[in-house]
Amino acid sequence: MSSAITYSPAPVAARVDGVPVAAVTLDETIGRILEMSTTPTTDVLVGVNAHVINLARHDARLRAFLETTTFNYADGQSVVWAARSLGVTLPERVATTDLGPALIDAAAGMNAPVYFLGGAPGISTAAAARMRERTPGASIRSAHGYFGEAGSDEVLSDIRAHGTRILFVGLGDPLQENWIQQHRDALPPVVLTCGGLFDWLSGAHRRAPKMMQQGGLEWLWRLAIEPRRLARRYLVGNPAFVAAVVRQRATLRTAGARRQIA
Ligand code: UDP
């Protein structure tokens, strides 16, 4: 990645079931984040996958929030496939689990302090320790994600005290989006939602083999790890997502045919 590149806001390339998604690569996303991390305003990025899009279908607040982000990127392979079936080629999946460590390396190179917020007690601290081991220059502070409504002020002042430029919020959907929305004015230059990222970075969960990731089967691996919590999300959610995309495709085709007739 060349430091000479400058980035304008990523345009919306596709709407998957109404949710805007940008066409960005992993490297481009990191470049944009580094640039945003030096500005006085707050930029929010959300990695969208089938689960987020399913939630947004029934949650007007989440749907509206996804319109207010700087951009949303395709965290899930299913979003890349869905966009393609709707006629838009996204350059690649930007899995937040890949983006996290790569961004921490890049942030360390710029002396940009990072904050991990979320996960069960001890998990984000362990994730931060592992990342510091991996990238010795990284400045990372952390707090767990079970602070309750009353704990937000304390968390926010700790984020400020660290001089945080890049904040990862991993509270799960839609709690993380709601929290960001509620505290947006008090947040650092870059905020990313990251779901269970700290569970992976801490080593508490092992990532799916590369072949499963590339084949869009990471969900199956996760289902095997946490069947009780994730059964509904994937076994009900995946077919619901496919059905929504099929509906959208049919609507687009009908609209296209109408335009041709007119
Ligand atoms: N979590 C949290 N606070 C809460 C609820 C959840 O910090 O009040 C954390 C939880 O410990 C887990 C993450 O949020 O680390 C949710 O992960 P999930 O697997 O649902 O996210 P995904 O990666 O699928 O988006």
Side-chain angles (χ1 to χ4, degrees), residues 16 19 21 44-57 59 62 65-66 69 72-80 93-101 103 115-131 140-156 158-159 167-183 187 191-208 212-213 216-238 240-241:
V16 177
V19 173
V21 187
V44 178
L45 272 64
V46 173
V48 292
N49 49 41
H51 177 54
V52 176
I53 292 175
N54 281 339
L55 290 177
R57 192 173 315 120
D59 180 342
L62 177 60
F65 176 77
L66 293 169
T69 57
N72 308 315
Y73 58 88
D75 167 60
Q77 184 60 45
S78 58
V79 175
V80 177
R93 172 188 182 201
V94 181
T96 308
T97 333
D98 296 323
L99 175 64
L103 182 56
Y115 202 101
F116 286 175
L117 175 63
I123 292 291
S124 54
T125 312
R130 282 189 87 183
M131 285 297 105
I140 312 173
R141 192 127 104 194
S142 58
H144 70 74
Y146 293 83
F147 47 86
E149 199 34 56
S152 285
D153 284 348
E154 202 179 316
V155 164
L156 288 167
D158 197 46
I159 291 170
L167 168 67
F168 287 85
V169 184
L171 305 174
D173 305 297
L175 183 59
Q176 53 199 14
E177 287 84 3
N178 291 343
W179 190 83
I180 293 169
Q181 191 173 31
Q182 199 175 345
H183 301 287
L187 296 178
V191 184
L192 296 105
T193 61
C194 68
L197 177 68
F198 311 130
D199 296 316
W200 309 105
L201 296 188
S202 65
H205 290 172
R206 214 155 51 83
R207 190 106 191 259
M212 285 183 98
Q213 292 176 33
L217 291 175
E218 201 161 9
W219 64 272
L220 203 56
W221 177 268
R222 296 196 59 185
L223 181 61
I225 297 177
E226 295 183 273
R228 274 168 174 270
R229 189 172 77 89
L230 299 178
R232 198 182 151 72
R233 181 187 298 189
Y234 294 129
L235 299 181
V236 178
N238 288 357
F241 178 73

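One-based numbering, in listed order, for ligands and for the atoms of each. Scope of the values below: all heavy atoms of this structure, side chains included, with no hydrogens, waters or symmetry mates.
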Identity and distance of the protein heavy atom lying nearest atom 3 (N) of ligand 1: Gly145 O, 2.8 Å
I'd like to check which ligand 1 atoms, numbered from 1 as shown, lie under 4.0 Å from a non-hydrogen atom of Leu175. 4 (C), 8 (O)
Quick one: does Ser124's side chain have a donor or acceptor within less than 3.5 Å of a partner on Ala143's backbone? yes
At a non-hydrogen distance cut-off of under 4.0 Å, which region of Gln176 contacts ligand 1 (side chain, backbone, both, or neither)? neither
Is the contact between His205 and ligand 1 made by the side chain, the backbone, both, or neither, using heavy atoms and a 4.0 Å cut-off? neither
Suppose we measure from atom 18 (P) of ligand 1 to each protein heavy atom; which comes out shortest, and what is that distance? Arg229 NH2, 3.5 Å
Nitrogen or oxygen of Leu197 less than 3.5 angstrom from that of ligand 1: no
For atom 16 (C) of ligand 1, find the nearest protein heavy atom and state the residue, atom name and distance (0.1 Å precision). Gly172 CA, 3.7 Å
Shortest protein heavy-atom distance from atom 12 (C) of ligand 1, along with the residue and atom involved: Asp199 OD2, 3.4 Å
Would you call Glu218 and Arg93 a salt bridge, using N to O less than 4.0 angstrom? yes
Side-chain (Trp221) to main-chain (Arg206) donor-acceptor, under 3.5 angstrom: yes
Report yes or no: does Gln176 contribute a side-chain atom to a donor-acceptor pair with the main-chain N or O of Gly172 at less than 3.5 Å? yes
protein heavy-atom neighbour closest to atom 23 (O) of ligand 1 works out as Gly196 N, 2.8 Å
For Trp200 against Arg130, the heavy-atom pair lying closest together: O-NH1, 4.5 Å
Which residue holds the protein heavy atom closest to atom 13 (C) of ligand 1, what is that atom called, and what is the gap in Å? Gly195 O, 3.7 Å
Run the numbers for me: atoms of ligand 1, each under 4.0 Å from some heavy atom of Gly118, listed by number. 7 (O)
Just which atoms of ligand 1 are under 4.0 Å from any heavy atom in Ala120? 11 (O)
Under 4.0 Å, heavy atoms only, figure out whether ligand 1 is touched by the backbone of Thr96, its side chain, both or neither. neither
Of the backbone atoms (N, CA, C, O) and the side-chain heavy atoms from C-beta on, which set of Asp173 has a member under 4.0 Å from an atom of ligand 1: side chain, backbone, both, or neither? side chain
Per side chain to side chain contact (heavy atoms under 4.5 Å, CB included), His183 is matched among Ile159, Asn178, Leu156 by Leu156
Give yes if a backbone or side-chain nitrogen or oxygen of Gly170 is under 3.5 Å from a nitrogen or oxygen of ligand 1, and no if not. yes
salt_bridge(Arg222, Asp199) N-O dist < 4.0 Å: no
Identify the heavy atoms of Tyr146 and Pro121 that sit nearest to each other, and give their distance. CD1-CD, 4.2 Å
For atom 7 (O) of ligand 1, the closest protein heavy atom turns out to be Gly119 N, 2.8 Å
What is the minimum heavy-atom distance between Ala50 and Val79, and which atoms define it? N-CG2, 4.1 Å
Enclosure of Gln182 CD (heavy-atom neighbours >12, cutoff 6.0 Å): yes
Is the shortest N/O to N/O distance between Arg233 and ligand 1 below 3.5 Å? yes
Got a donor-acceptor contact below 3.5 angstrom from the Gln181 side chain to the Phe65 backbone? no
Nearest neighbour of atom 19 (O) of ligand 1 from the list His144, His51, Arg222, on a heavy-atom basis: Arg222
Counting only N and O atoms by type, is there a donor-acceptor contact under 3.5 Å from the side chain of Asp75 to the main-chain atoms of Asn49? no
Please indicate whether any nitrogen or oxygen in Tyr146 is less than 3.5 Å from any nitrogen or oxygen in ligand 1. yes
